[in-house]
Number of protein chains: 2
Amino acid sequence: MAKPIYVAIANIIRNNISAHKYSSMKLPDERTLAERFEVSRSSIKRAIQLLADQGIIFKKQGSGNFINPLFLRNKTSLDYTGDNVGLTTSIVTNGKEQTIKVLNLDVIKPDSEIKESLFLTEDDFVYSFKRLRCLDQKPILIETSYIPVRAFPELSQNLLEQSLFNYLENEKNMIINRAYLDLTTEPSTPNDQELLNLKPTEPVGIMAGIFFVDDGTPFEYSSMRLHYRYLNFSTFVDLDK
Amino acid sequence: MAKPIYVAIANIIRNNISAHKYSSMKLPDERTLAERFEVSRSSIKRAIQLLADQGIIFKKQGSGNFINPLFLRNKTSLDYTGDNVGLTTSIVTNGKEQTIKVLNLDVIKPDSEIKESLFLTEDDFVYSFKRLRCLDQKPILIETSYIPVRAFPELSQNLLEQSLFNYLENEKNMIINRAYLDLTTEPSTPNDQELLNLKPTEPVGIMAGIFFVDDGTPFEYSSMRLHYRYLNFSTFVDLDK
DNA sequence: CAGTGGTCTAGACCACTTT
DNA sequence: AAGTGGTCTAGACCACTGA
């Protein structure tokens, strides 16, 4: 199955909305759409749900499905293409040249927070490393990470100079596809100021969290201190859930 | 229908996981669960999907559904109870006394950004107001908001001294249930420093965005400058979507 | 009361993983 | 090949909204 039919239909409806092919802000009812696309109503519902999750339409029980006027207006400040994306848009490289400088790499006994976050036993050791990431030679974030030795025994300074996730996916067929992230901000420390080229009054954004392999194994605990101009996290929020 | 069956089942499974009632990290397969709960497999799938969205389980096609070990470990730093919540956890009052000080209230002609964000025409005016919100007398955020006069003609300084959303829901049966939010951080301005009691080196967190009525009408454009210790946004991220 | 979205079912078949 | 999750259908009935 190349693309599920509900994804295909969601794309068609999205394009129809963009092209102003619906005469009002209210979409045709689901039963009509099902007939028109010659699919079951369930498939229409899944397509509609996708669009709702993306903020493109609003569902209102007993009343109908409505187009988000902002989507029609093509507001460029709203990133509707990615669905509720976070990290990826935040640190997306956008064709810019990414360079990574490894600041250190050690093997240590994890403290209790890291041990619990990564689901480790008493015997486990972890790699501990810091990297400075730059875009077009401009430093944008300091990463401090911990990875269980057992999960990735061949880690080396060499490997750290590229994207770990790409290496894992290509060479080890491990896919990191979820993260639990915490976003905060803090005044910059002298160390931040030096590495990220910040003034003392300029802060860092902090993204800290746990990255998971697709089978649910916690793989990495990471805390990233970002130059404040590069922390930009956009999201739709359902306030009632 | 009091509670949909898939929600009920999701709750039971969540409790079972907490109580260690599954012998391995892998859940029983969906067809077995369907038999055991005497529901259709579709209902099981919806329940499982809910738990996956909450980060409690991981799905792996062809292999099974797996418990997130972190959930088992009862990590208190992970807020698993709220589903992907954002704003609400960030500004949750937690029983603390909330006070609101209205700094100003005007009617103005919106600039083009606000006009487009709120889907306004040339003739529309907006209320423009600033509020300082405190918890237990400590100032935590400065809110700058814009609301179309047409959407809420009776707005007054008096009303602003309480939670607008509560008033809307109780008195006007309008429900604000979605928001498009942008999170960033900036150095604090002298004004921030004075109002939020910040040192010059201490930053503000910024949550800016648009709040929508449940029929999709944009209702409010708001930019909130938070004392940096109070910006704390936690979320699960699906990296592959 | 008619229209419309929400829930739920039983079953068929596809796609991926593991043995 | 067997096991397991993913997609999709056709249809029944419930819950909410609005004329």
Side-chain angles (χ1 to χ4, degrees), chain A residues 1-13 22 24-53 57-67 169 172-175 177-178 213-217 238 240-241, chain B residues 1-13 22 24-53 57-67 169 172-175 177-178 213-217 238 240-241:
Chain A
M1 207 168 294
K3 209 190 302 179
I5 210 167
Y6 65 90
V7 175
I9 290 177
N11 289 335
I12 294 174
I13 295 178
Y22 297 109
S24 83
M25 295 305 279
K26 185 176 165 181
L27 289 181
D29 74 274
E30 298 179 350
R31 289 163 177 87
T32 302
L33 285 172
E35 256 185 37
R36 207 174 291 175
F37 282 103
E38 298 183 288
V39 297
S40 70
R41 188 175 155 221
S42 316
S43 297
I44 294 294
K45 287 189 84 65
R46 283 190 82 167
I48 295 283
Q49 187 58 53
L50 261 189
L51 296 173
D53 290 343
I57 66 138
F58 287 81
K59 308 197 291 180
K60 208 177 174 189
Q61 184 177 15
S63 183
N65 297 313
F66 298 84
I67 298 167
E169 187 161 347
K172 300 193 64 178
N173 201 29
M174 281 173 76
I175 298 184
N177 66 348
R178 297 202 84 183
V213 186
D214 63 357
D215 63 1
T217 315
D238 279 316
D240 48 7
K241 264 196 206 154
Chain B
M1 206 168 295
K3 209 190 302 182
I5 210 168
Y6 66 90
V7 175
I9 289 178
N11 289 337
I12 294 174
I13 294 178
Y22 297 111
S24 81
M25 296 305 280
K26 184 175 164 181
L27 289 180
D29 72 275
E30 297 178 350
R31 288 163 178 86
T32 303
L33 286 171
E35 257 185 36
R36 208 174 289 174
F37 282 104
E38 298 182 289
V39 298
S40 69
R41 187 174 155 223
S42 316
S43 297
I44 295 294
K45 287 188 85 65
R46 283 190 83 166
I48 295 284
Q49 187 57 54
L50 261 189
L51 296 173
D53 289 342
I57 65 136
F58 288 80
K59 307 196 291 181
K60 208 179 173 189
Q61 183 177 15
S63 182
N65 297 313
F66 297 85
I67 299 167
E169 187 161 347
K172 301 193 63 176
N173 200 31
M174 281 173 76
I175 298 184
N177 67 349
R178 298 202 85 184
V213 186
D214 64 356
D215 63 2
T217 315
D238 278 317
D240 48 8
K241 263 195 208 155

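Below, chains carry the letters A, B, ... as their sequence lines are ordered, and counting in each starts from 1. Below, each value reflects all heavy atoms present in this structure, side chains not excepted, and no hydrogens, waters or symmetry copies.
Residues that satisfy the salt bridge (Lys or Arg N to Asp or Glu O under 4.0 Å) test with A:Arg46, not counting sequence neighbours, are absent from this structure.
Between the side chain of B:Arg31 and the base of C:dG11, no donor-acceptor pair under 3.5 Å is found.
With rounding to the nearest 0.5 Å, the separation of CG in A:Leu27 from OG1 in A:Thr32 is 11.0 Å. Note that CG of A:Leu33 is 8.5 Å distant from CD1 of A:Ile9, once rounded to the nearest 0.5 Å.
Backbone-only engagement by B:Arg46 is indicated by non-hydrogen atom pairs under 4.0 Å involving sugar-phosphate atoms exclusively.
Distance, B:Leu33 CG to D:dT4 P: 11 Å, rounded to whole Å. In this structure, A:Phe66 places its CZ atom 11 Å from C1' of D:dG18, rounding to the nearest Å. Rounded to whole Å, atom C1' of C:dT7 lies 14 Å from atom CD1 of B:Ile44. Atom NZ of A:Lys3 and atom P of D:dC8 are 12 Å apart (whole Å). Regarding B:Asp29, its CG atom lies at a distance of 12 Å from the C1' atom of D:dA2, rounded to whole Å. Residue A:Phe37 contributes atom CZ, which lies 14 Å from atom P of D:dC8 at whole-angstrom precision. As a whole-Å value, the separation of B:Lys45 NZ from C:dT7 C1' is 17 Å. When rounded to the nearest whole Å, the span between CZ of A:Arg41 and P of D:dC13 equals 14 Å.
For A:Tyr6 and D:dC8, the shortest distance from a side-chain N or O to OP1 or OP2 is not below 4.0 Å. Checking the phosphate oxygens (OP1, OP2) of D:dT4, no side-chain nitrogen or oxygen of B:Asn65 falls inside 4.0 Å. Residue B:Ser42 places no side-chain N or O under 4.0 Å from the OP1 or OP2 atom of C:dT7.
Among the nucleotides D:dC8, C:dC8, C:dA12, the one closest to the side chain of A:Ser43 is D:dC8. The side chain of A:Glu30 approaches C:dG6 more closely than any other nucleotide in the set D:dC8, C:dT4, C:dG6.
The stretch residues 24-34 of chain A participates, sequence neighbours left out, in these salt bridge (charged side-chain N to carboxylate O under 4.0 Å, His left out) pairs: A:Glu30-A:Arg41, A:Glu30-A:Lys45.
Residues A:Tyr6 and A:Ser42 are not in side-chain contact: their nearest non-hydrogen atoms beyond the backbone lie 4.5 Å or more apart. Taking 4.5 Å as the limit, every side-chain heavy atom of A:Phe37 sits out of range of all side-chain heavy atoms of A:Ile5.
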CA sep, side-chain torsions, deciding dist, call: B:Phe58, A:Val213, side-chain contact (heavy atoms from CB on, under 4.5 Å): CA-CA 9 Å; B:Phe58 288 80; A:Val213 186; over 6 Å; no
Between the protein and nucleotides 17-19 of chain C, which nitrogen or oxygen pairs come in under 3.5 angstrom?
unit_1: C:dT17; atom_1: O4'; unit_2: B:Gly62; atom_2: O; d: 3.4

